[in-house]
Amino acid sequence: MSYNFDKSLYFSALKTKILGREIFIYDEVTSTNDILLKENFPYGSVITASSQTKGRGRSGRNWVDDGSSLIFSIVLTGLSTDMLMPFNIIAGFSVCNGICLYADAKLKWPNDCIINDKKAGGMLLEASFTGNEPSKIVFGAGINVFNKSFPEDISHRATSIFLNSKNKDIKKELILAATLNSMEEMLDKYKNNQLEIDKLWANYSAYINKKISIHINGEKKEMIEKGINPLGELIVQDIISNKITNINSGEIGYDFNG
Ligand code: BTN
């Protein structure tokens with residue numbers, strides 16, 4: 001299913017100076033992240049596509065879409081290695097702000113998008129490095145927008161904006177523009193030390209102070225999510241020992257509500 005992306009609607013809502021001013025719109029691509037990683041596009045360029053044939057998820061998983069999603073990636077440079085995790089969180093805040101035009105979106109650390117306790121989108125930050133510093137950073141998101149149903153095996157944990165919005169006249173262009181507006185503003189503030197991601201987390205988290213199950217090295221542990229620290233690491237409290245731990249590995253997933 002190809003989506004007729006309305007550029008003028010997108011630009012009417014885009015308030016950024018740089019991010020998303022260059023936008024490349026495709027019908028079908030392998031992976032929007034792949035294209036930005038392999039080819040040279042100017043800083044802040046965005047690629048969006050109706051659909052991907054080789055969409056990538058986190059931890060080596062595939063990201064499969066049926067053409068109902070907003071799929072986009074953006075390329076950045078100039079972020080140091082220690083800014084990658086905070087930027088990943090900022091990008092998650094921004095996607096939530098975009099979706100909030102239509103539905104109440106929250107985050108599952110680090111940046112899965114949750115609506116009413118189900119996953120409505122995923123995000124993937126990738127970087128190429130020169131030495132120890134990233135030379136190119138690509139952030140991509142796949143957001144379930146128009147999906148009216150999901151395959152039976154994932155319907156208990158997957159949802160879409162359409163299924164959660166009273167307004168059914170949903171515009172991908174407006175979600176993308178609002179996401180990029182928010183991303184540029186937050187990133188500028190972060191670079192100027194005017195944005196504390198740890199203080200903002202509670203506004204965006206789907207599970208703050210709630211019981212979550214964390215999977216570490218094949219072991220499942222009951223924890224309470226307490227927040228994130230300024231590095232973007234998840235702070236959790238062990239339910240039995242009350243011990244506080246910071247979690248930073250991308251390999252850790254958690255399922256919710258025990
Ligand atoms: C996840 O939940 O595991 C992350 C999914 C990320 C999917 C997006 S869709 C746009 C961009 N291109 C990709 O190949 N992956 C990301």
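Remember, it's 1-based here, ligands and their atoms both numbered in the order they're listed.
Residue-ligand proximity, G57 to ligand 1, at heavy-atom distances under 4.0 Å covers atoms 1 (C), 3 (O), 4 (C), 5 (C). For ligand 1, the atoms sitting less than 4.0 Å from at least one non-hydrogen atom of F72 are 10 (C), numbered in the order shown with element in parentheses. Under a 4.0 Å criterion applied to the non-hydrogen atoms of T32, ligand 1 contributes the atoms 10 (C), 11 (C), 12 (N). The distance from ligand 1 to the heavy atoms of R58 drops below 4.0 Å at these ligand atoms: 1 (C), 3 (O), 4 (C). Listed by number with element, the atoms of ligand 1 under 4.0 angstrom from any heavy atom of R56 are 5 (C), 6 (C), 7 (C), 13 (C), 14 (O), 15 (N), 16 (C). Listed by atom number, the atoms of ligand 1 under 4.0 Å from S31 heavy atoms are 12 (N), 13 (C), 14 (O). Those atoms of ligand 1 with a heavy atom of K119 less than 4.0 angstrom away are 1 (C), 2 (O). Below 4.0 Å from some heavy atom of G55 lie the following atoms of ligand 1, by number and element: 14 (O).
Ring pair F24/F41: centre-to-centre distance below 6.0 Å. For an aromatic pair to be called close, the ring centres must be under 6.0 Å apart, and Y204 with F93 satisfies this.
Contact of the K226 side chain with the V236 side chain is not registered, since no non-hydrogen atoms from C-beta on lie closer than 4.5 Å. R157 has its side chain out of reach of K119: every pair of non-hydrogen atoms, C-beta onward, lies at least 4.5 Å apart. Proximity of R58 to D112: side-chain heavy atoms (C-beta onward) are separated by under 4.5 Å at one or more points.
In terms of protein heavy atoms, atom 5 (C) of ligand 1 is closest to W63 CE3, 3.4 Å. Given atom 12 (N) of ligand 1, the protein heavy atom at minimum distance is Q52 OE1, 2.9 Å.
Under a 4.0 Å N-O distance rule, the pair R56/D34 qualifies as a salt bridge. Between E225 and K210 there is no salt bridge, since no side-chain nitrogen of the basic residue lies less than 4.0 Å from a carboxylate oxygen of the acidic one.
Residue-level proximity to ligand 1 for A141 is carried by the backbone, the only part with a heavy atom below 4.0 angstrom. Looking at N33 against ligand 1, both its backbone and its side chain come within 4.0 Å, counting heavy atoms.
Just one residue in the list I74, I143, V95, V46 forms a side chain to side chain contact (heavy atoms under 4.5 Å, CB included) with L176, and that residue is V46.
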